[in-house]
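These notes concern the structure reproduced below.
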Amino acid sequence: MKPLAQLACSAAAMLMAPQLLAADPGQWTLVAADSELTFSAYYEGEELPGRFTRFAVTLETSSETGEPTALLVEVQAASADMNDREVNAEIVEPAWFDAQAFPIASFASQDIQPAENDGFLATGRLGIKGIEQPLKIPLNWTREGDRAILTGSVRLSRLDWQVGTGEWSNDASLADRVDVRWRVTLVPGD
Amino acid sequence: MNETPVAWHPVARGLHWLMAALILVQGVVGWVGHEMSRSPAKVDVMTAHKSLGITLLLLVILRLLWRLTHPAPPLPALSKSWEIRAAWLSHAALYLLLFALPLSGWLAASTSIVPWKLWWVIPWPAIAAPDPGLHEFAGDVHETLVKLLIALLIVHIAAALRHHFLKRDEVLLRMWRGSR
C-alpha cells in the first residue's frame with residue numbers, strides 16, 4: 001500500500017475507534033504546556049537561572065510492569081532563555097551551544113533501572129554540541145490519572161561538552177557546574 | 001566666615017574636581033565596556049563602571065546636600081539677566097543629569113541577569129527584577145542621557161573658558177584655586 005493510502009486508512013481506523021489512540025500504552029509523549037526544563041549556572045557564586053522553552057520527550061514503558069524502559073529527550077539549543085536578551089543572543093554562539101551547527105541537544109537512554117526511593121536511574125548519553133558523554137540521570141516517575149509526571153535533576157560539568165570556550169573554558173568566574181532540573185508531564189501516545 | 005563668600009569652599013571645589021575627573025574616567029570605562037564583546041573581562045569592566053556610577057551617585061548626593069546648606073559665591077556683579085538665568089538653568093540640568101545617569105544605569109544593571117558587587121566586594125541591591133524589556137528601555141535612556149551630559153558639559157566648559165578668557169572675571173579661578 002502506498003504511504004498516503006496507509007495513512008488515510010489508519011486515520012480512518014482511528015476515527016472509527018478512538019480508543020485505538022491509546023492503543024500503545026508503552027509510549028509516552030510530552031505535554032509541553034505542563035512541562036518545564038530549567039537550569040542554573042553560577043557566576044561568582046550567584047545563581048543564574050534559565051530554561052529551555054522548546055524540547056521533546058518520549059518515554060517507553062514496559063508492557064508488563066508499566067515502568068520506564070527507555071527515554072529520549074531532545075532540546076532545541078536555541079530555545080535557551082536566561083531572561084536577558086544579550087545573554088540569550090550570546091548563548092547560541094559557537095563559544096556556547098553553537099546552535100546553528102548543533103541545533104539539538106539530546107539525552108538518550110535504553111537502560112532504565114529501578115533505584116532507591118521508588119525512583120529510577122537512566123543510563124545513557126548526553127549529546128551537546130556534537131559531543132556525547134555518558135550520563136546517569138535520576139527519574140521520579142509518578143502516574144496521575146491518565147498522565148505521568150517525570151521529575152528529576154542532575155548536576156553537569158559544562159566543560160565536558162565545551163559549553164563555554166576560550167576565556168570561558170575555566171572555572172574562574174562562570175562555574176563549570178550547571179544544575180539541570182525538569183518536571184515534565186507525559187501522556188500516552190506517540 | 002562671610003555670608004556670601006567670594007570663592008567656593010574647599011569641600012565644594014574638592015567635590016567638583018573629584019567628580020569631574022571620575023566622570024571623565026566613567027565615560028571612558030562605560031564606552032570601552034559597551035564596545036567589548038561578552039567575556040569575563042567585559043563583565044569586570046562593567047562592574048567597574050557600575051561601581052563608579054554608584055560612587056558618583058553617592059558623591060552627588062553629598063554635593064547637593066553641601067550646596068543646599070552652604071551659600072554659593074555670587075555671579076559677577078555685571079552679569080546680564082540672561083546669563084544669570086542660563087547659569088541657573090544649566091547647573092540645575094547638570095545636577096539633574098548627575099542623578100539621572102547613575103539611576104538609569106542602576107536600573108539597567110538591575111534588570112540584567114549579570115551579577116556584580118560594588119567594587120567587587122559589597123553586595124548592592126537591585127531596584128528591579130531582571131526584565132529584558134525594561135533593561136533595553138533603561139539602556140536607551142542611559143545612552144540618551146550620556147549624549148545630553150556631553151552636550152551640557154561642552155556648554156559648561158565653554159562658559160567657564162568664556163568667563164576666564166573673554167570676560168576676564170573670577171568665575172573659573174574661584175572654582176580652580178579658591179580665593180586669592
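Here the structure is a predicted model, which is why all the values come from computation and not from measurement.
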In this structure, CH2 of W120(B) is separated from CD of E44(A) (nearest 0.5 Å) by 10.0 Å
Listed by number, the residues in residues 148-160 of chain B that come under 4.5 Å of chain A (heavy atom to heavy atom) are none
Of S39(B), G133(B), A41(B), P130(B), the largest count of non-hydrogen pairs under 4.5 angstrom with chain A goes to S39(B)
Should we count [atom1] of [X] as having more than 12 external heavy atoms under 6.0 Å?
X: R51(A); atom1: CZ; value: no
X: E83(B); atom1: CD; value: yes
X: W31(B); atom1: CH2; value: no
X: Q110(A); atom1: CD; value: no
X: H34(B); atom1: NE2; value: no
X: E35(B); atom1: CD; value: yes

Is it true that [X] and [Y] fall in one hydrophobic cluster, defined by side-chain heavy atoms closer than 4.5 Å?
X: V171(B); Y: W82(B); value: no
X: L64(B); Y: V11(B); value: yes
X: V45(B); Y: L101(B); value: yes
X: L15(B); Y: L96(B); value: no
X: W66(B); Y: W8(B); value: no

Filtered by a 4.5 Å non-hydrogen cutoff, the part of residues 75-109 of chain A contacting chain B is M82(A), N83(A), D84(A), R85(A), E86(A), V87(A), E90(A)
#### Entry: Residue pair Y43(A) / V43(B), side-chain heavy-atom distance below 4.5 Å
yes
* Should L48(A) and P115(B) count as side-chain neighbours, where that means a heavy-atom distance under 4.5 Å? -> yes
